[in-house]
2 protein chains.
Amino acid sequence: MLKLSKKADYGLMALQYIASVQFGDVAQARIINTKEIAEEHHIPVELLAKVLQALAKHGIVESQNGPKGGYLLARNAGTITIAQVLEAIEGPLGIADCYHDKDESTCLQREHCNIRTPLRKVQDSIYQLLNNMTVEDMMGGTPLITIQPTTTVEGVER
Amino acid sequence: MLKLSKKADYGLMALQYIASVQFGDVAQARIINTKEIAEEHHIPVELLAKVLQALAKHGIVESQNGPKGGYLLARNAGTITIAQVLEAIEGPLGIADCYHDKDESTCLQREHCNIRTPLRKVQDSIYQLLNNMTVEDMMGGTPLITIQPTTTVEGVER
DNA sequence: AGGTCTCCGATCAAATTGGTCGGATAAAAT
DNA sequence: ATTTTATCCGACCAATTTGATCGGAGACCT
Ligand code: FES
Ligand code: FES
């Protein structure tokens with residue numbers, strides 16, 4: 001329950017990697033291609049490609065075609081929130097369909113619904129939570145490292 | 001994304017209804033059967049039955065068999081949190097599988113994962129949010145949601 | 001004890017998600 | 001300028017999860 005999909009997971013990983021290479025201190029800023037990210041994280045290449053496509057279509061990353069092509073962040077890492085990424089990869093997020101204002105007709109039990117108002121507050125809180133965290137906050141360590149255990153990764157403090 | 005399943009939705013509705021009848025001021029406390037809840041909220045009867053089974057198995061509601069049987073809350077409404085309900089209906093909740101400590105082997109990219117630590121904080125915040133709201137808070141139309149701001153990520157306070 | 005009403009466990013169909021394939025495109029090499 | 005090659009892109013298929021259903025077991029009332 002509440003488990004975010006593999007695609008979302010892959011997307012976040014890729015963004016963190018791209019951001020770390022592009023804005024990190026250690027390496028030179030360069031364009032990253034799909035294959036590099038996939039091999040680095042051991043995830044299927046083609047699936048990651050599809051995720052990056054979606055991100056490109058929503059203006060989160062820019063794509064460059066041809067040899068020596070790849071992806072790079074479209075805007076600063078601090079302005080890309082987790083909520084935006086998730087919404088780009090999967091549909092508009094919402095704890096239930098009937099809480100997104102527009103589709104009022106879909107829910108049959110709308111009239112007799114008793115949990116609408118309270119759950120809406122939960123949804124708003126979660127949304128706000130995801131919207132207050134950017135990919136910059138995920139750039140804790142140096143790029144392409146294994147997780148450094150127990151060292152409190154700074155970056156969420158802002 | 002982040003959409004909770006129909007079963008969870010139905011389960012919350014049923015609990016709110018049971019609680020309202022059992023502890024509400026208006027009606028006499030009595031046992032509610034599945035059919036009544038289903039017809040009241042226009043949801044498929046058999047599916048709701050399965051949800052209530054799960055809730056009974058996890059000690060959230062008590063079942064009484066035979067004619068004039070049905071369900072009633074096992075404990076006070078104020079002690080049943082949303083998180084407990086969701087965990088009873090669906091599996092253990094967690095934003096991703098690899099953040100629940102035990103199944104370490106399942107995640108292939110565990111070693112090269114860079115988003116583990118930050119996402120874990122998000123998960124903890126959501127969990128805390130769902131654990132601070134009880135079915136009592138869903139009763140009476142005056143839902144009060146209290147989120148004690150955690151030390152992890154800011155922006156969670158209401 | 002018989003009949004009926006209710007919960008219960010196993011089973012089946014639909015939808016979503018995860019994964020794969022070949023083609024279009026643009027940069028680089030010849 | 002042409003060919004080559006590396007990359008992104010969109011459509012297709014398979015697996016898992018979810019939604020819904022069925023017949024049987026147990027308990028109450030008459
Ligand atoms: S379940 Fe749709 S409005 Fe409550
Ligand atoms: S995705 Fe499994 S540990 Fe990060």
Side-chain angles (χ1 to χ4, degrees), chain A residues 1-11 13-14 18 30-39 41-58 60-72 74 86 88-94 96-97 106-109, chain B residues 1-11 13-14 18 30-39 41-58 60-72 74 86 88-94 96-97 106-109:
Chain A
M1 185 56 209
L2 275 180
K3 187 177 58 178
L4 51 84
S5 67
K6 285 279 184 74
K7 285 199 288 186
D9 226 18
Y10 295 161
M13 278 190 235
I18 295 177
R30 68 179 201 278
I31 288 192
I32 320 285
N33 61 1
T34 306
K35 195 174 158 193
E36 177 181 343
I37 306 176
E39 289 183 349
H41 295 278
H42 303 103
I43 58 185
V45 195
E46 302 87 356
L47 184 54
L48 176 62
K50 215 166 77 167
V51 172
L52 289 173
Q53 282 175 38
L55 290 178
K57 185 164 283 183
H58 283 256
I60 293 178
V61 297
E62 300 254 348
S63 71
Q64 189 157 333
N65 215 344
K68 204 71 174 65
Y71 291 96
L72 78 167
L86 294 183
I89 295 177
E90 326 212 339
L93 50 87
D97 320 302
T106 53
C107 186
L108 295 179
Q109 42 271 140
Chain B
M1 186 56 213
L2 276 179
K3 187 175 59 178
L4 51 85
S5 68
K6 285 279 184 73
K7 286 198 289 185
D9 227 17
Y10 296 160
M13 278 189 236
I18 294 177
R30 68 180 202 278
I31 288 193
I32 320 286
N33 61 359
T34 307
K35 195 174 161 193
E36 176 181 344
I37 307 177
E39 289 183 351
H41 294 280
H42 302 104
I43 58 185
V45 195
E46 301 86 356
L47 183 54
L48 176 62
K50 214 168 79 168
V51 172
L52 289 174
Q53 281 174 41
L55 291 177
K57 184 164 283 184
H58 283 255
I60 293 177
V61 296
E62 299 255 348
S63 71
Q64 190 157 333
N65 217 344
K68 202 71 176 60
Y71 290 96
L72 78 167
L86 295 183
I89 295 177
E90 326 211 337
L93 50 87
D97 319 302
T106 54
C107 186
L108 295 179
Q109 43 272 139

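Order of the sequence lines fixes the chain letters, A, B, ..., with proteins taken first and strands second; residue numbering starts at 1 for each chain.
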Hey, what do you get for [atom1] ([X]) to [atom2] ([Y]), rounding to the nearest 0.5 Å?
X       : Y       : atom1 : atom2 : answer
A:Asn33 : A:Ser63 : CG    : OG    : 12.5 Å
B:Ile60 : B:Tyr71 : CD1   : OH    : 12.5 Å
A:Ile43 : A:Tyr10 : CD1   : OH    : 6.0 Å
A:Leu52 : A:Ile32 : CG    : CD1   : 11.0 Å
B:Glu46 : B:Thr34 : CD    : OG1   : 10.0 Å
A:His42 : A:Met13 : NE2   : CE    : 11.5 Å

All N/O contacts under 3.5 Å from nucleotides 5-7 of chain C to the protein, with atom names and distances to one decimal?
from, atom 1, to, atom 2, distance (Å)
C:dT6, OP1, B:Asn33, ND2, 3.3
C:dT6, O4', B:Gly66, O, 3.4
C:dT6, O2, B:Asn65, OD1, 3.0
C:dC7, OP1, B:Thr34, N, 3.4
C:dC7, OP1, B:Thr34, OG1, 3.2
C:dC7, OP2, B:Thr34, OG1, 3.2
C:dC7, O4', B:Asn65, OD1, 3.1

Sub-4.5 Å side-chain heavy-atom contact between B:Leu55 and B:Ile89:
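The answer is yes; the side chains approach within 4.5 Å.
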Heavy-atom check, side chain of A:Leu4 versus side chain of B:Leu2, under 4.5 Å
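A side-chain contact under 4.5 Å is absent here.
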Tabulate atom names and distances for all N/O pairs under 3.5 angstrom spanning the protein and nucleotides 16-21 of chain C.
from, atom 1, to, atom 2, distance (Å)
C:dG18, OP1, A:Lys6, N, 2.6
C:dG19, O6, A:Lys50, NZ, 2.5

Does anyone know the first and last nucleotide of DNA chain D in reach of chain A, 5' to 3', at under 4.0 angstrom to a heavy atom?
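Endpoints of the contacted stretch of DNA chain D: D:dT5 to D:dA11.
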Nearest heavy-atom pair of B:Leu48 and B:Ala38: which atoms, and what distance?
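Looking at all heavy atoms of both residues, the shortest contact is CD2-N, 3.8 Å.
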Who are the side-chain hydrogen bond (donor to acceptor under 3.5 Å, both in side chains) partners of B:Glu36, not counting sequence neighbours?
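With sequence neighbours excluded, B:Glu36 shows a side-chain hydrogen bond (donor to acceptor under 3.5 Å, both in side chains) to B:Tyr17, B:Arg30, given in chain and number order.
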Identified side chain to side chain contact (heavy atoms under 4.5 Å, CB included) counterpart of A:Ile37 within the set A:His41, A:Glu39, A:Lys35
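Exactly one candidate clears the test, A:His41.
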Which residues share a side-chain contact (heavy atoms from CB on, under 4.5 Å) with A:Lys68, sequence neighbours left out:
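For A:Lys68, no residue satisfies side-chain contact (heavy atoms from CB on, under 4.5 Å) once neighbours in sequence are set aside.
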Find the bend of the helix from C:dA1-D:dT30 to C:dT30-D:dA1 as the angle between its two terminal axes (five pairs each), to the nearest 10°.
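The angle separating the two end axes equals 10°.
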